[in-house]
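Worksheet for the structure shown next.
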Protein chains: 2
Amino acid sequence: MESETTRPMMHIGELAERTELSLRTIRHYDEIGLLKPSGRTEGGFRLYTEGDYARLMLIRRMKPLGFPLEDMSELLRIIDTLKHDGGSELREQLDQFIDRAVEQRVKLQHQLDMADEFISLLRSQ
Amino acid sequence: MESETTRPMMHIGELAERTELSLRTIRHYDEIGLLKPSGRTEGGFRLYTEGDYARLMLIRRMKPLGFPLEDMSELLRIIDTLKHDGGSELREQLDQFIDRAVEQRVKLQHQLDMADEFISLLRSQ
DNA sequence: CAACTCAACTCTTACGTTAGGGTAGCTTTC
DNA sequence: GAAAGCTACCCTAACGTAAGAGTTGAGTTG
(Lines give C-alpha, C1' and ligand atoms only; values in the text may rest on other atoms or scores of the structure.)
Protein backbone atom coordinates (compact mmCIF):
# COMPACT_ATOMS: atom_id res chain seq x y z
CA MET A 1 0.00 0.00 0.00
CA GLU A 2 1.46 3.32 -1.06
CA SER A 3 1.22 5.70 1.86
CA GLU A 4 0.97 9.45 1.49
CA THR A 5 4.42 9.92 2.89
CA THR A 6 6.06 7.81 0.21
CA ARG A 7 6.16 10.63 -2.33
CA PRO A 8 5.46 13.79 -0.43
CA MET A 9 7.25 16.22 -2.69
CA MET A 10 8.84 16.09 -6.09
CA HIS A 11 11.44 18.16 -7.85
CA ILE A 12 10.70 20.29 -10.87
CA GLY A 13 12.03 17.69 -13.28
CA GLU A 14 9.50 15.06 -12.33
CA LEU A 15 6.68 17.57 -12.45
CA ALA A 16 7.78 18.62 -15.91
CA GLU A 17 7.82 15.06 -17.15
CA ARG A 18 4.44 14.22 -15.72
CA THR A 19 2.76 17.34 -17.08
CA GLU A 20 4.70 17.42 -20.33
CA LEU A 21 5.52 21.06 -19.71
CA SER A 22 9.04 22.43 -19.93
CA LEU A 23 11.14 23.35 -16.91
CA ARG A 24 11.24 26.86 -18.24
CA THR A 25 7.46 27.05 -18.38
CA ILE A 26 7.07 25.83 -14.82
CA ARG A 27 9.68 28.26 -13.56
CA HIS A 28 7.91 31.00 -15.45
CA TYR A 29 4.65 30.13 -13.73
CA ASP A 30 6.47 30.42 -10.44
CA GLU A 31 7.94 33.80 -11.36
CA ILE A 32 4.58 35.31 -12.23
CA GLY A 33 2.81 33.64 -9.32
CA LEU A 34 0.58 31.32 -11.31
CA LEU A 35 1.93 28.25 -9.58
CA LYS A 36 4.32 28.62 -6.69
CA PRO A 37 6.04 25.50 -5.42
CA SER A 38 4.72 24.27 -2.09
CA GLY A 39 8.25 24.32 -0.70
CA ARG A 40 11.94 24.54 -1.27
CA THR A 41 14.84 22.40 -0.12
CA GLU A 42 17.55 23.86 2.09
CA GLY A 43 19.59 24.42 -1.03
CA GLY A 44 16.81 26.11 -2.93
CA PHE A 45 15.31 23.37 -5.13
CA ARG A 46 11.61 23.79 -5.83
CA LEU A 47 9.38 21.16 -4.23
CA TYR A 48 5.94 20.29 -5.53
CA THR A 49 3.08 18.23 -4.13
CA GLU A 50 0.42 16.13 -5.81
CA GLY A 51 -1.89 19.08 -5.32
CA ASP A 52 0.51 21.23 -7.29
CA TYR A 53 0.50 18.61 -10.00
CA ALA A 54 -3.28 18.63 -10.19
CA ARG A 55 -3.27 22.39 -10.37
CA LEU A 56 -0.74 22.41 -13.16
CA MET A 57 -2.75 19.90 -15.14
CA LEU A 58 -5.73 22.18 -14.72
CA ILE A 59 -3.68 25.04 -16.09
CA ARG A 60 -2.61 22.89 -18.99
CA ARG A 61 -6.17 22.12 -19.92
CA MET A 62 -6.97 25.81 -19.69
CA LYS A 63 -4.25 26.84 -22.10
CA PRO A 64 -6.04 26.17 -25.38
CA LEU A 65 -8.61 28.73 -24.38
CA GLY A 66 -5.94 31.35 -24.78
CA PHE A 67 -6.53 33.25 -21.57
CA PRO A 68 -3.67 35.42 -20.39
CA LEU A 69 -1.80 33.73 -17.58
CA GLU A 70 -2.85 36.49 -15.24
CA ASP A 71 -6.51 35.74 -15.89
CA MET A 72 -5.80 32.08 -15.22
CA SER A 73 -4.45 33.07 -11.82
CA GLU A 74 -7.63 34.91 -11.09
CA LEU A 75 -9.81 32.06 -12.24
CA LEU A 76 -7.93 29.60 -10.05
CA ARG A 77 -8.33 31.94 -7.13
CA ILE A 78 -12.06 32.13 -7.75
CA ILE A 79 -12.41 28.36 -7.95
CA ASP A 80 -10.43 27.88 -4.75
CA THR A 81 -12.41 30.44 -2.86
CA LEU A 82 -15.75 29.10 -4.08
CA LYS A 83 -14.93 25.76 -2.52
CA HIS A 84 -15.01 27.18 0.98
CA ASP A 85 -17.25 30.16 0.57
CA GLY A 86 -20.13 30.49 -1.86
CA GLY A 87 -20.15 34.22 -2.37
CA SER A 88 -22.58 35.31 -5.06
CA GLU A 89 -20.23 37.88 -6.50
CA LEU A 90 -17.72 35.11 -7.04
CA ARG A 91 -20.40 33.06 -8.74
CA GLU A 92 -20.92 35.94 -11.16
CA GLN A 93 -17.23 36.20 -11.86
CA LEU A 94 -17.05 32.49 -12.52
CA ASP A 95 -20.01 32.73 -14.87
CA GLN A 96 -18.23 35.47 -16.76
CA PHE A 97 -15.25 33.22 -17.16
CA ILE A 98 -17.47 30.44 -18.42
CA ASP A 99 -18.90 32.79 -21.02
CA ARG A 100 -15.46 33.76 -22.17
CA ALA A 101 -14.41 30.14 -22.29
CA VAL A 102 -17.37 29.18 -24.44
CA GLU A 103 -16.63 32.11 -26.73
CA GLN A 104 -13.08 30.88 -27.13
CA ARG A 105 -14.29 27.38 -27.73
CA VAL A 106 -16.31 28.65 -30.68
CA LYS A 107 -13.22 30.32 -32.06
CA LEU A 108 -11.26 27.10 -31.71
CA GLN A 109 -13.90 25.22 -33.63
CA HIS A 110 -13.78 27.89 -36.29
CA GLN A 111 -10.03 27.57 -36.51
CA LEU A 112 -10.33 23.84 -36.89
CA ASP A 113 -12.69 24.38 -39.79
CA MET A 114 -10.31 26.83 -41.44
CA ALA A 115 -7.47 24.37 -40.99
CA ASP A 116 -9.50 21.68 -42.73
CA GLU A 117 -10.32 24.00 -45.59
CA PHE A 118 -6.69 24.85 -45.94
CA ILE A 119 -5.51 21.28 -45.87
CA SER A 120 -7.91 20.20 -48.58
CA LEU A 121 -6.76 23.21 -50.58
CA LEU A 122 -3.17 22.05 -50.23
CA ARG A 123 -4.13 18.53 -51.24
CA SER A 124 -5.85 19.78 -54.37
CA GLN A 125 -2.66 21.37 -55.63
CA MET B 1 -21.74 45.65 -65.89
CA GLU B 2 -18.90 46.25 -63.46
CA SER B 3 -15.71 46.58 -65.45
CA GLU B 4 -12.33 45.60 -64.10
CA THR B 5 -11.21 49.17 -63.97
CA THR B 6 -13.90 50.16 -61.50
CA ARG B 7 -11.95 48.98 -58.43
CA PRO B 8 -8.43 48.40 -59.55
CA MET B 9 -6.65 49.00 -56.28
CA MET B 10 -7.70 49.49 -52.70
CA HIS B 11 -6.11 51.10 -49.69
CA ILE B 12 -5.03 49.21 -46.63
CA GLY B 13 -8.18 50.13 -44.71
CA GLU B 14 -10.52 48.40 -47.09
CA LEU B 15 -8.30 45.33 -47.21
CA ALA B 16 -8.27 45.22 -43.43
CA GLU B 17 -12.04 45.41 -43.26
CA ARG B 18 -12.59 42.75 -45.87
CA THR B 19 -10.11 40.31 -44.34
CA GLU B 20 -10.90 41.20 -40.74
CA LEU B 21 -7.20 41.61 -40.06
CA SER B 22 -5.76 44.66 -38.34
CA LEU B 23 -3.90 47.42 -40.15
CA ARG B 24 -0.92 46.61 -38.00
CA THR B 25 -0.98 42.98 -39.03
CA ILE B 26 -1.11 43.84 -42.73
CA ARG B 27 1.73 46.32 -42.37
CA HIS B 28 3.67 43.70 -40.49
CA TYR B 29 3.19 41.24 -43.34
CA ASP B 30 4.56 43.90 -45.65
CA GLU B 31 7.57 44.50 -43.41
CA ILE B 32 8.57 40.87 -43.33
CA GLY B 33 7.76 40.30 -46.98
CA LEU B 34 4.84 37.93 -46.53
CA LEU B 35 2.48 40.16 -48.50
CA LYS B 36 3.86 43.21 -50.23
CA PRO B 37 1.36 45.69 -51.67
CA SER B 38 1.11 45.61 -55.45
CA GLY B 39 1.76 49.33 -55.58
CA ARG B 40 1.99 52.64 -53.80
CA THR B 41 0.42 56.00 -54.44
CA GLU B 42 2.57 59.04 -55.13
CA GLY B 43 2.22 59.92 -51.50
CA GLY B 44 3.21 56.51 -50.25
CA PHE B 45 -0.12 54.80 -49.49
CA ARG B 46 -0.10 51.06 -49.96
CA LEU B 47 -2.25 49.81 -52.86
CA TYR B 48 -3.66 46.29 -52.99
CA THR B 49 -5.37 44.31 -55.75
CA GLU B 50 -8.03 41.63 -55.65
CA GLY B 51 -5.21 39.15 -56.06
CA ASP B 52 -3.61 40.50 -52.91
CA TYR B 53 -6.92 40.09 -51.15
CA ALA B 54 -7.16 36.45 -52.19
CA ARG B 55 -3.63 35.84 -51.00
CA LEU B 56 -4.31 37.44 -47.66
CA MET B 57 -7.40 35.32 -47.17
CA LEU B 58 -5.27 32.29 -47.87
CA ILE B 59 -2.85 33.42 -45.21
CA ARG B 60 -5.71 33.92 -42.82
CA ARG B 61 -6.92 30.38 -43.29
CA MET B 62 -3.38 29.19 -42.76
CA LYS B 63 -2.97 30.95 -39.44
CA PRO B 64 -4.71 28.44 -37.17
CA LEU B 65 -2.09 25.92 -38.15
CA GLY B 66 0.41 28.02 -36.27
CA PHE B 67 3.17 28.03 -38.86
CA PRO B 68 5.78 30.76 -38.45
CA LEU B 69 5.11 33.57 -40.91
CA GLU B 70 8.38 32.83 -42.62
CA ASP B 71 7.26 29.29 -43.35
CA MET B 72 4.02 30.65 -44.73
CA SER B 73 6.04 32.76 -47.15
CA GLU B 74 7.84 29.66 -48.30
CA LEU B 75 4.66 27.68 -48.67
CA LEU B 76 3.08 30.42 -50.77
CA ARG B 77 6.17 30.51 -52.94
CA ILE B 78 5.95 26.76 -53.44
CA ILE B 79 2.29 26.90 -54.39
CA ASP B 80 2.91 29.73 -56.83
CA THR B 81 5.79 27.97 -58.47
CA LEU B 82 3.99 24.66 -58.71
CA LYS B 83 1.29 26.33 -60.80
CA HIS B 84 3.69 27.00 -63.65
CA ASP B 85 6.30 24.34 -63.12
CA GLY B 86 5.72 20.89 -61.68
CA GLY B 87 9.15 20.18 -60.24
CA SER B 88 9.22 16.98 -58.20
CA GLU B 89 11.38 18.46 -55.47
CA LEU B 90 8.72 21.11 -54.99
CA ARG B 91 6.10 18.39 -54.80
CA GLU B 92 8.09 16.82 -51.97
CA GLN B 93 8.33 20.10 -50.14
CA LEU B 94 4.60 20.60 -50.49
CA ASP B 95 3.96 17.12 -49.18
CA GLN B 96 6.10 17.91 -46.18
CA PHE B 97 3.99 20.95 -45.50
CA ILE B 98 0.85 18.88 -45.80
CA ASP B 99 2.23 16.47 -43.21
CA ARG B 100 2.98 19.29 -40.84
CA ALA B 101 -0.45 20.75 -41.42
CA VAL B 102 -2.17 17.49 -40.61
CA GLU B 103 -0.05 17.16 -37.50
CA GLN B 104 -1.15 20.60 -36.38
CA ARG B 105 -4.72 19.78 -37.17
CA VAL B 106 -4.51 16.87 -34.75
CA LYS B 107 -3.19 19.20 -32.09
CA LEU B 108 -6.03 21.62 -32.71
CA GLN B 109 -8.55 18.83 -32.27
CA HIS B 110 -6.82 17.84 -29.06
CA GLN B 111 -6.98 21.42 -27.83
CA LEU B 112 -10.67 21.55 -28.58
CA ASP B 113 -11.16 18.42 -26.51
CA MET B 114 -9.20 19.89 -23.62
CA ALA B 115 -11.26 23.06 -23.84
CA ASP B 116 -14.44 21.04 -23.59
CA GLU B 117 -13.14 19.15 -20.60
CA PHE B 118 -12.23 22.38 -18.95
CA ILE B 119 -15.57 24.04 -19.64
CA SER B 120 -17.52 21.17 -18.17
CA LEU B 121 -15.22 21.26 -15.18
CA LEU B 122 -16.02 24.95 -14.73
CA ARG B 123 -19.74 24.25 -15.05
CA SER B 124 -19.59 21.58 -12.37
CA GLN B 125 -18.27 24.03 -9.79
C1' DC C 1 -12.64 75.49 -63.03
C1' DA C 2 -8.70 76.39 -60.18
C1' DA C 3 -7.68 76.94 -55.47
C1' DC C 4 -8.66 75.88 -50.91
C1' DT C 5 -10.32 73.38 -46.83
C1' DC C 6 -10.87 69.60 -43.87
C1' DA C 7 -12.03 65.16 -41.95
C1' DA C 8 -10.65 60.65 -42.59
C1' DC C 9 -7.14 57.93 -43.66
C1' DT C 10 -2.32 56.44 -43.94
C1' DC C 11 2.59 56.89 -43.20
C1' DT C 12 7.02 55.76 -40.42
C1' DT C 13 9.38 55.20 -36.15
C1' DA C 14 9.89 53.20 -31.98
C1' DC C 15 9.04 51.12 -27.83
C1' DG C 16 5.88 47.58 -25.15
C1' DT C 17 3.83 42.95 -24.47
C1' DT C 18 3.21 37.86 -23.86
C1' DA C 19 4.87 33.39 -23.04
C1' DG C 20 8.22 31.36 -22.84
C1' DG C 21 13.43 29.48 -25.26
C1' DG C 22 18.31 29.36 -24.63
C1' DT C 23 22.68 30.21 -22.49
C1' DA C 24 26.17 30.77 -18.83
C1' DG C 25 28.16 30.06 -14.55
C1' DC C 26 27.45 28.30 -10.17
C1' DT C 27 25.31 25.17 -6.49
C1' DT C 28 22.87 21.17 -4.70
C1' DT C 29 21.55 16.54 -4.51
C1' DC C 30 22.07 11.64 -4.52
C1' DG D 1 31.20 13.38 -9.23
C1' DA D 2 27.47 13.07 -12.59
C1' DA D 3 22.89 14.66 -12.90
C1' DA D 4 19.76 17.93 -11.77
C1' DG D 5 18.64 22.48 -10.22
C1' DC D 6 19.40 27.50 -9.30
C1' DT D 7 19.46 32.61 -10.77
C1' DA D 8 20.17 36.01 -14.14
C1' DC D 9 20.29 37.52 -18.35
C1' DC D 10 19.35 38.24 -23.24
C1' DC D 11 16.42 36.71 -27.31
C1' DT D 12 12.15 35.86 -30.28
C1' DA D 13 7.55 36.13 -32.80
C1' DA D 14 3.69 38.55 -33.94
C1' DC D 15 1.77 41.92 -33.35
C1' DG D 16 -0.35 46.32 -29.96
C1' DT D 17 0.00 51.00 -29.07
C1' DA D 18 1.20 55.56 -29.14
C1' DA D 19 3.24 59.96 -31.40
C1' DG D 20 3.73 63.06 -34.90
C1' DA D 21 3.62 64.11 -39.75
C1' DG D 22 1.86 63.55 -44.39
C1' DT D 23 -1.90 62.20 -48.05
C1' DT D 24 -6.37 61.78 -50.17
C1' DG D 25 -10.42 63.21 -52.23
C1' DA D 26 -14.91 65.10 -51.63
C1' DG D 27 -16.92 69.47 -50.93
C1' DT D 28 -16.76 74.51 -50.75
C1' DT D 29 -15.21 78.98 -52.40
C1' DG D 30 -13.97 82.73 -55.39
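All values below were derived from every heavy atom in this structure, side-chain atoms included, with hydrogens, water molecules and symmetry-related copies excluded.
Shown here are the ring pair (Phe, Tyr, Trp, His ring centres under 6.0 Å) partners of A:Phe118, two or more places apart in sequence or in another chain: there are none. Scanning for salt bridge (charged side-chain N to carboxylate O under 4.0 Å, His left out) contacts around A:Arg27 gives an empty result, with sequence neighbours left out. Considering only residues two or more places apart in sequence or on other chains, A:Glu20 meets the salt bridge (charged side-chain N to carboxylate O under 4.0 Å, His left out) condition with A:Arg60. In terms of the ring pair (Phe, Tyr, Trp, His ring centres under 6.0 Å) criterion, B:His110 has no residue partners (sequence neighbours excluded). Partners of A:Glu42 according to the salt bridge (charged side-chain N to carboxylate O under 4.0 Å, His left out) rule, which considers only residues two or more places apart in sequence or in another chain, do not exist here. Annotation: side chain to side chain donor-acceptor pair (under 3.5 Å) contacts of A:Thr41 (sequence neighbours excluded): none. Among residues two or more places apart in sequence or in another chain, the salt bridge (charged side-chain N to carboxylate O under 4.0 Å, His left out) test is passed with A:Arg123 by none.
The CG atom of A:Leu23 sits 13 Å away from the C1' atom of C:dG20 (whole-angstrom rounding). A:Leu65 places its CG atom 19 Å from the P atom of C:dT18, with the value rounded to the nearest Å. Note: CD1 (B:Ile12) to P (C:dC9) measures 13 Å, nearest angstrom. Distance CG (B:Asp30) to C1' (C:dT12): 12 Å, rounded to an integer number of Å. As rounded to whole Å, 11 Å separates atom P of C:dG21 from atom CD1 of A:Ile26. Look at CZ on B:Arg46: it is 13 Å from C1' on C:dC9, rounded to the nearest Å. One interatomic measurement links the two molecules: CD of A:Glu70 to P of C:dG20, which rounds to 14 Å at whole-angstrom precision.
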Where protein sits on nucleotides 23-30 of chain C, one letter per nucleotide: B base, S sugar-phosphate only, - none, heavy atoms under 4.0 Å: -----BSS
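Residue pairs meeting the salt bridge (Lys or Arg N to Asp or Glu O under 4.0 Å) criterion with at least one partner in residues 79-88 of chain B, sequence neighbours excluded, are B:Arg55-B:Asp80.
Contacts with DNA chain C (heavy atom under 4.0 Å) in residues 96-112 of chain B: none are found.
By the 4.0 Å N-to-carboxylate-O rule, B:Asp52 lies too far from B:Arg18 to be salt-bridged with it. With salt bridges taken as basic N to acidic carboxylate O contacts below 4.0 Å, one links B:Arg24 and B:Glu31.
Using a 4.0 Å heavy-atom distance criterion, B:Ile32 is classed as making no nucleic acid contact. Residue B:Arg27 is in base contact, counting any heavy-atom pair closer than 4.0 Å across all strands shown.
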Return a table of donor-acceptor pairs under 3.5 angstrom between the side chains of residues 64-78 of chain A and protein atoms on other chains or two or more places apart.
unit_1	atom_1	unit_2	atom_2	d
A:Asp71	OD2	A:Arg100	NH1	3.2
A:Asp71	OD2	A:Arg100	NH2	2.9

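Taking every nucleotide of DNA chain D with any atom under 4.0 Å from a non-hydrogen atom of chain B, the first and last of them, 5' to 3', are D:dA14 to D:dT24.
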